[in-house]
Amino acid sequence: MKYFFSLSMLSFLLFTTLSSCAQNDKSKRPSPPATVSQKIGKSTVTINYSKPSVKGRTIGVDLEPKENQVWRAGANEATVFEVDNDVMIESKLLPKGKYGFFVLATEETWTVIFNKSWNQWGAMGYKEADDVLRVPVPVGKAAVFAEQLTYAVNTDGIFSLSWGDKEIKLSMQEKQ
């Protein structure tokens, strides 16, 4: 009887341990995590985000960003934008640091937001008072439909976000 009880307890503990480990595997989420990292001069830019998929839905109606609502610019946890040196984004200073990256959309312009609160779920903890930088950017039509949200940064400092048939681009350079 003791043997059966011990075996049962061991099996239970093993099952719960494996189950909790499997739930922590973010790569199995419907919107898997992704990281983009790029050197621009001596500065490194890193973006950590989760990649939602369009799946036949309409951006702005069924999917974020919705008009005049702050969006985490990804899925799951807030998108994190990190720079290891001061940079200029569209000629505006962004001090080195780690930021929550959010978007506030209207039909023709998306305002990208760099916010002090980066360690949060979605935009639930977003507070405008914590904004470090806001930059309005015109929304363009993507050259290629992006089924999954995609970030890119090239060595020339062009930072882009592609989502469905929409795309925004920002220029970024090291602070001189």
Between atom [atom1] of [X] and atom [atom2] of [Y], what is the distance when rounded to the nearest 0.5 Å?
| X | Y | atom1 | atom2 | answer |
| --- | --- | --- | --- | --- |
| Ile59 | Lys66 | CD1 | NZ | 12.0 Å |
| Gln148 | Ser31 | CD | OG | 8.0 Å |
| Leu170 | Lys92 | CG | NZ | 10.5 Å |
| Phe145 | Glu167 | CZ | CD | 13.0 Å |
| Lys51 | Leu149 | NZ | CG | 8.5 Å |
| Thr46 | Lys39 | OG1 | NZ | 9.5 Å |

Does [X] reach the side chain of [Y], with side-chain heavy atoms less than 4.5 Å apart?
| X | Y | result |
| --- | --- | --- |
| Val132 | Tyr99 | yes |
| Lys175 | Lys96 | no |
| Ser171 | Glu90 | yes |
| Tyr49 | Asn76 | no |
| Thr155 | Gln38 | yes |
| Ile168 | Phe159 | no |
| Val83 | Phe114 | no |
| Arg72 | Trp121 | yes |

Donor-acceptor pair, [X] side chain versus [Y] backbone, under 3.5 Å?
| X | Y | answer |
| --- | --- | --- |
| Ser162 | Ala146 | no |
| Asp156 | Ile158 | no |
| Glu147 | Lys55 | yes |
| Thr111 | Thr109 | no |
| Glu174 | Asn85 | no |
| Asp84 | Thr44 | yes |
| Trp71 | Leu63 | no |

- Query: Is it true that atom CD of Glu108 has more than 12 heavy atoms of other residues, nucleotides or ligands lying nearer than 6.0 Å?
  - Reply: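 Atom CD in Glu108 is not packed in, count stays at 12 or less.
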- Task: List the steps and the verdict of side chain to side chain contact (heavy atoms under 4.5 Å, CB included) for Met88 and Leu93.
- Result: CA-CA 5 Å; Met88 303 299 288; Leu93 175 65; 4.1 Å; yes
Is there a path of hydrophobic side-chain contacts, each under 4.5 Å between heavy atoms of I/L/V/M/F/W/Y residues, joining [Y] to [X]?
| X | Y | answer |
| --- | --- | --- |
| Leu133 | Leu104 | no |
| Leu94 | Phe102 | no |
| Leu161 | Val87 | yes |
| Met172 | Trp110 | yes |
| Val137 | Ile113 | no |

- Message: Evaluate Tyr151 against Val153 for side chain to side chain contact (heavy atoms under 4.5 Å, CB included), listing each step before the verdict.
- Response: CA-CA 7 Å; Tyr151 284 91; Val153 182; over 6 Å; no
- Task: Begin with the C-alpha distance, continue with both residues' side-chain angles, and end with the deciding distance and a verdict on side chain to side chain contact (heavy atoms under 4.5 Å, CB included) for Lys116 and Lys98.
- Result: CA-CA 7 Å; Lys116 287 188 249 180; Lys98 199 179 243 191; over 6 Å; no
Minimal non-hydrogen separation, [X] against [Y], with atom names:
| X | Y | result |
| --- | --- | --- |
| Ser53 | Arg57 | O-NH2, 2.6 Å |
| Ser50 | Ala75 | CB-O, 3.1 Å |
| Ser117 | Asp130 | OG-OD2, 3.2 Å |

- Task: Under the side chain to side chain contact (heavy atoms under 4.5 Å, CB included) rule, what do Trp118 and Glu82 come out as? Steps first, then yes or no, please.
- Result: CA-CA 10 Å; Trp118 58 268; Glu82 186 172 7; over 6 Å; no
- Establish, from distance only, whether the side-chain atoms of Tyr126 and Asp131 form a donor-acceptor pair under 3.5 Å.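 Checked: Tyr126/Asp131 side chains pair up, N/O donor to acceptor below 3.5 Å.
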